[in-house]
A.B. asks: 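First the structure, which I've put down as structure tokens, then a few questions once you've had a look.
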There are 2 protein chains.
Amino acid sequence: MLQGHQSWVFEHRPVILASAAVGGPFEAEGALAADFDILHDDLWLGQESFEKAEKKLLEQACEKAIAKAGLNKEDVQFYLSGDLLNQIITSSFTARTLGIPYLGLFGACSSSMEGLALAAQLVASGAARYVLAATSSHNGSVEKQFRYPTEYGGQKPPTAQWTVTGAGAALLGREGEGPRITAATIGRVVDMGLSDPFNMGAAMAPAAVDTIQAHFRDLRTDASSYDLIATGDLGRIGLVIASDLLKKHGINIPEQKFTDCGVLIYKDDQPVMAGGSGCGCSAVVTYGYFLNRMKKGELKKILVVATGALLSPLSYQQKESIPCIAHAVAIEA
Amino acid sequence: MLQGHQSWVFEHRPVILASAAVGGPFEAEGALAADFDILHDDLWLGQESFEKAEKKLLEQACEKAIAKAGLNKEDVQFYLSGDLLNQIITSSFTARTLGIPYLGLFGACSSSMEGLALAAQLVASGAARYVLAATSSHNGSVEKQFRYPTEYGGQKPPTAQWTVTGAGAALLGREGEGPRITAATIGRVVDMGLSDPFNMGAAMAPAAVDTIQAHFRDLRTDASSYDLIATGDLGRIGLVIASDLLKKHGINIPEQKFTDCGVLIYKDDQPVMAGGSGCGCSAVVTYGYFLNRMKKGELKKILVVATGALLSPLSYQQKESIPCIAHAVAIEA
């Protein structure tokens, strides 16, 4: 199972039996609208708070994934989930709704692949028959917590990113039809000294590069093994920085093979500054768009490298730079 | 590996090669002072903030555990950690210091056993040779975040608990000398509708009972398999409620076998209301006191059931009750 220092290669490859992506009104106008299972035209989802709206997004993604797999909640051994809100309340309240034994995770925006990697490991090792991995973010709940109160309408620099309102879930099993998870690489914290919360892409890019490097080293492979390598979610600026850093490290990924979930999700004319971000970004793009392309036969093997900025009050006070991390999961059609 | 619905029984039992417990000045005056590796007489640990003081506690616990095992950071594949601060900043900044591939967890005060259970699973399944599981809490950083600004000096009811200033770490390996982890049970969220953040013990007790019940059911066993069953951290009030609930469910645990980390850690004359709490509580009591008693031969087999109140801003607004969870890990000398 363990290969190299920080990677898992799965002899018995876990199957993604079903996945689901749920989005908000802004995502419904985005570039990948067709790849969502459920789209909401109300940012509040009829709830009394954005936090409760985010909970509804995640509950819907989880219940949809379980239903699409033709299973019941009782069939699923473990629910692995994380999100951006303090005490990951969206994940915990959803765990209460589901009633499935729950492992709470926090990797900021890397939580999507942290959960998928661990879920695959649990299934591959026989620690579970079925595992549900999910994550979410909501523009209203997250931006009011991490940026400024949204009511301020404060201006943001072009390096900032737009938090995706969305939730994604994947149901993994040992046997069955569907894409298979072949490997995963767990990242380490990389901190290049950046402390600008409005330029996360630049802060997270080195972490993405470090994990891609570790993945290639541990698996003794290179970009030729993949049809697509997607970071999530560096945005336009972070993606360029990551490309440059990879070249500097002598790692060649052809431009047409290298992309970012935060760049893909919205249309160019949507006012998202450098692109999308948030736990839900890499989750909905992977569990919706990428898996759909794999089903259509457009992609055979992909590597999703979810990046997270492990923000803190300290970093806001500019007393500390922002520790970042990235986890990578390899999926084969 | 999977046994029953939510438990793991390890055929190849992971070894706790070393563990470390670090505490603050109030813990140095406590009942278990002799079981700490490092005790600080300065609540600030010479740092400029309580958050940075907590980081130092966790760094010391991790580095001590690695050193006691005679290993280097580079030998350890994964670092599993969670804490109570927003975005688990203590764990993430410590991961930056250690440079070990990192899986961030959040289970509130159940994080100690969530991390130990997952660490054991990774080692037992061959996903890692060595894994470090750790967690921490600091009275100053946690109480100012979750209760009121400590400077207010607000009065607390006798049902409230005192957040432990401490960090605990355990280094697990496949082979070697030390206590072995035989099984683990992952809890589900239990919410009995309580919403008083000053009576966590009562809110968490049903979760502890649910997990103990699941553990006995999955392993087809009962209290006779253990010399000690310790919840962490229900405090005095929660422990009594848990005992009553167990009896109601027809589960008999002899009184002298059933205790709680939050009850054990302080002396009766210390002003801790209902007892200790915080991620660091069950961590230091388990990795210090319990493991020391096992080494002395006083305990052969124990079950540690760490409980967590998955608090949220919503619950503070009393719009939501508090979802709680408990994870159990069985350790054999």
A.B. asks: Only pairs of heavy atoms separated by less than 4.5 Å count here; which of A:Arg129, A:Arg96, A:Arg188 has the most with chain B?
C.D. replies: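 Option with the greatest count: A:Arg96.
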A.B. asks: Measure across A:Tyr102 and B:His327 and return the closest heavy-atom pair with its distance rounded to 0.1 Å.
C.D. replies: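 In this case the closest contact between A:Tyr102 and B:His327 is O-CE1, 3.1 Å.
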A.B. asks: Quick one: which of A:Gly99, A:Ser110, A:Ala214, A:Gly187 has the most heavy-atom pairs under 4.5 Å with chain B, could you say?
C.D. replies: A:Gly187
A.B. asks: Side chain, backbone, both or neither: which part of B:Val190 has an atom under 4.5 Å from a heavy atom of chain A?
C.D. replies: neither
A.B. asks: Which atoms form the tightest heavy-atom contact between A:Asn86 and B:Gln87, and what is the distance?
C.D. replies: OD1-NE2, 2.6 Å
A.B. asks: So which residue, A:Leu105, A:Thr211, A:Leu103, ends up with the most heavy-atom pairs under 4.5 Å with chain B?
C.D. replies: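 The answer is A:Leu103.
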A.B. asks: Using every non-hydrogen atom in the two residues, find where B:Pro101 and A:Gln6 come nearest and quote the distance to one decimal.
C.D. replies: CG-CB, 3.6 Å
A.B. asks: How about CZ on A:Phe10, more than 12 heavy atoms from neighbouring residues, nucleotides or ligands closer than 6.0 Å, or not?
C.D. replies: yes
A.B. asks: For B:Gln77 and A:Leu2, which heavy atoms make the closest approach, and how far apart are they?
C.D. replies: CG-CD2, 3.7 Å
A.B. asks: Check A:Ser92 against B:Val189 and note the closest heavy-atom contact, atom names and distance.
C.D. replies: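 Shortest heavy-atom contact: O-CG2, 3.9 Å.
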A.B. asks: For B:Leu118, is it the side chain, the backbone, both or neither that has a heavy atom under 4.5 Å from a heavy atom of chain A?
C.D. replies: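 Contact with chain A: side chain only.
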A.B. asks: State the CZ-CG distance between B:Phe106 and A:Asp83, to the nearest 0.5 angstrom.
C.D. replies: 10.0 Å
A.B. asks: B:Gln3 versus chain A, heavy atoms under 4.5 Å apart: side chain, backbone, both or neither?
C.D. replies: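 When you check distances to chain A, no heavy atom of B:Gln3 falls under 4.5 Å.
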A.B. asks: Can you tell me which portion of B:Ala127 sits under 4.5 Å from chain A's heavy atoms? Options are side chain, backbone, both or neither.
C.D. replies: both
A.B. asks: Crowded around B:Tyr130 OH? As in, over 12 foreign heavy atoms under 6.0 Å?
C.D. replies: no
A.B. asks: Quick one: closest heavy-atom pair of A:Phe93 and B:Pro323, and the distance?
C.D. replies: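 Heavy atoms only, the tightest pair is CE2-CG, 3.4 Å.
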A.B. asks: Hey, what do you get for OG (A:Ser125) to CH2 (B:Trp8), rounding to the nearest 0.5 Å?
C.D. replies: 8.0 Å
A.B. asks: Might you confirm whether atom CE of B:Met1 has over 12 heavy atoms from other residues, nucleotides or ligands at distances under 6.0 Å?
C.D. replies: yes
A.B. asks: Please flag which part of B:Ile100 lies under 4.5 Å from any non-hydrogen atom of chain A: side chain, backbone, both or neither.
C.D. replies: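 For B:Ile100, backbone heavy atoms alone lie under 4.5 Å from chain A.
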A.B. asks: What part of A:Val9 gets within 4.5 angstrom of chain B, counting heavy atoms only: side chain, backbone, both, or neither?
C.D. replies: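 It is neither, since no heavy atom gets under 4.5 Å.
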A.B. asks: Side chain, backbone, both or neither: which part of B:Phe78 has a non-hydrogen atom closer than 4.5 Å to chain A?
C.D. replies: side chain
A.B. asks: Would you check if the side chain of B:Gln121 reaches a backbone N or O of A:Leu122 as a donor-acceptor pair within less than 3.5 Å?
C.D. replies: no
